[in-house]
Amino acid sequence: MIVPDRILAGDRLALARLLTQIENEQPEGFETLSALFPHTGQAHLVGITGPPGTGKSTLVNRLVLTLRSRTQKLVAVVAVDPSSPFTGGAILGDRIRMRDLTGDPGIFIRSMASRGALGGLARTTSAVVDALDAAGFGWILIETVGAGQAEVEIARTAHTTLVVEAPGLGDDVQAIKAGILEAADLLVVNKADLPGADNTVRVLQASLELASGARRPTDPHSQPEPTEEGWAPPVLRTVALLGEGIDEVVDAILHHCAHLETTGRRVGRDRQRLRAELLALLGDGLLARFLSAHSEEDLGLALEQVFARQVSPCQAVERLLARNR
Ligand SMILES: Nc1nc2c(ncn2[C@@H]2O[C@H](COP(=O)(O)OP(=O)(O)O)[C@@H](O)[C@H]2O)c(=O)[nH]1
Ligand SMILES: [Mg+2]
């Protein structure tokens with residue numbers, strides 16, 4: 001088991017080893033994590049999500065350097081890309097692009113691949129974030145590809161969520177506004193150097209107005225109505241490749257951070273995140289307990305009855321649970 005004090009003292013090798021244990025779901029990793037838990041709750045979590053190829057990693061690279069120099073806090077990045085296996089191009093690509101960041105011990109980057117059952121990714125990410133939080137990272141940036149439920153969940157549990165778009169992804173704008181737009185605290189139109197950026201900004205602003213239920217004519221220069229939290233998600237433009245617009249994004253992150261503090265919403269988000277984690281673990285635990293108390297045959301029998309359309313899945317579960325009492 002990795003000694004918690006080593007993590008608290010800033011030992012990077014111990015931290016990397018702990019994260020590997022967590023990713024591999026080794027019990028000793030969770031033991032260390034439990035010992036570290038009282039030291040968590042200090043970090044500000046920033047979720048960065050959006051379709052692949054919009055420049056999230058490039059933007060994260062810039063944000064890390066700017067946050068680091070402007071706030072002096074330690075900065076960690078968790079790059080979650082479920083579409084790529086460990087040997088996949090995206091992760092290697094991310095590693096190469098994030099090369100600028102190495103050399104500063106105040107910056108720590110971790111790439112994760114998806115594994116395990118549904119929801120496993122969100123849970124593992126949560127545990128990794130807790131470890132980084134305990135290790136003293138004041139900023140933890142979590143990059144996900146805004147494709148599936150797990151990624152949306154991860155982005156939602158951050159204190160500040162950035163949704164990144166780019167010109168020329170018209171259909172993706174449509175796809176993205178359904179789920180993730182409501183979770184966005186900041187919208188970034190990256191690749192503002194490309195033609196069509198104005199249009200992307202317009203589409204996002206219109207979508208935001210729809211989402212917030214504001215009934216106003218679509219005006220490219222208007223900002224959306226404040227949401228019930230008193231925060232109107234700004235739409236910002238960047239050229240991450242050239243570092244343009246990055247300071248404005250950092251300003252907006254700091255502004256949102258202050259907004260969460262002054263309105264007391266930060267506490268609410270933390271509570272929400274911990275509640276989701278608790279319920280997920282409870283679900284896992286109950287399922288494991290159920291499966292260990294029942295033979296494979298019970299489950300097989302239920303499946304056959306459902307398969308033969310004799311009982312519905314709902315009825316089958318009701319019966320299995322009733323027998324468990
Ligand atoms: N033209 C342009 N290209 C960019 C910009 N930012 C990133 N890219 C390029 O877009 C591609 C995808 O970037 P990446 O950061 O990997 O996107 P991700 O998949 O969202 O993480 C890369 O080839 C980047 O060099 C930008 O501001 N303008
Ligand atoms: Mg990326």
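Just so you know, ligand 1 is whichever comes first in the structure, and atom 1 is the first atom listed for that ligand.
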(request) Sort and list the pairs that fulfil ring-ring contact (aromatic ring centres under 6.0 Å, His included) and have at least one residue in residues 301-321, not counting sequence neighbours. (result) none

(message) Salt bridge or not between Arg70 and Asp251? Use side-chain N to carboxylate O under 4.0 Å.
(response) yes

(message) What I want to know is whether Leu194 and ligand 1 share at least one N or O pair that is separated by under 3.5 angstrom.
(response) no

(request) Answer yes or no as to whether an N/O/S atom of Thr58 is found below 2.8 Å from the Mg ion (ligand 2). (result) no

(message) Test of understanding: given a 4.0 Å heavy-atom threshold, classify the contact between Val164 and ligand 1 as side chain, backbone, both, or neither.
(response) neither

(message) So, regarding Pro52 and ligand 1 (criterion: nitrogen or oxygen to nitrogen or oxygen, under 3.5 Å), is there a contact or not?
(response) no

(message) Evaluate Val239 for polar contact with ligand 1, using N/O atom pairs at a separation under 3.5 Å.
(response) no

(message) One thing to verify: whether Asp198 and Arg237 come together as a salt bridge, which I'm taking to mean a side-chain N less than 4.0 angstrom from a carboxylate O.
(response) yes

(message) Taking the side chain as everything from C-beta on, heavy atoms only, tell me whether Val188 gets closer than 4.5 Å to Thr54.
(response) no

(message) Could you tell me if the side chain of Leu320 sits less than 4.5 Å from the side chain of Phe290, heavy atoms only?
(response) yes

(request) Report, in ascending order of atom number, the atoms of ligand 1 lying under 4.0 Å from any heavy atom of Lys56. (result) 15 (O), 17 (O), 18 (P), 19 (O), 20 (O), 21 (O)

(message) Tell me if the centroids of the rings in Trp139 and His159 come within less than 6.0 Å of each other.
(response) no

(message) Nearest N/O/S atom of Glu143 with respect to the Mg ion (ligand 2), by atom name, please.
(response) OE2

(message) Through direct or indirect side-chain contacts below 4.5 angstrom among Ile, Leu, Val, Met, Phe, Trp and Tyr, which residues connect to Leu274?
(response) Phe37

(message) Show the atoms of ligand 1 that are less than 4.0 angstrom away from any heavy atom in Asp193.
(response) 1 (N), 2 (C), 26 (C), 27 (O), 28 (N)

(request) Using a strict 4.0 Å cut-off to heavy atoms of Glu143, name the atoms of ligand 1 that fall inside it. (result) 21 (O)

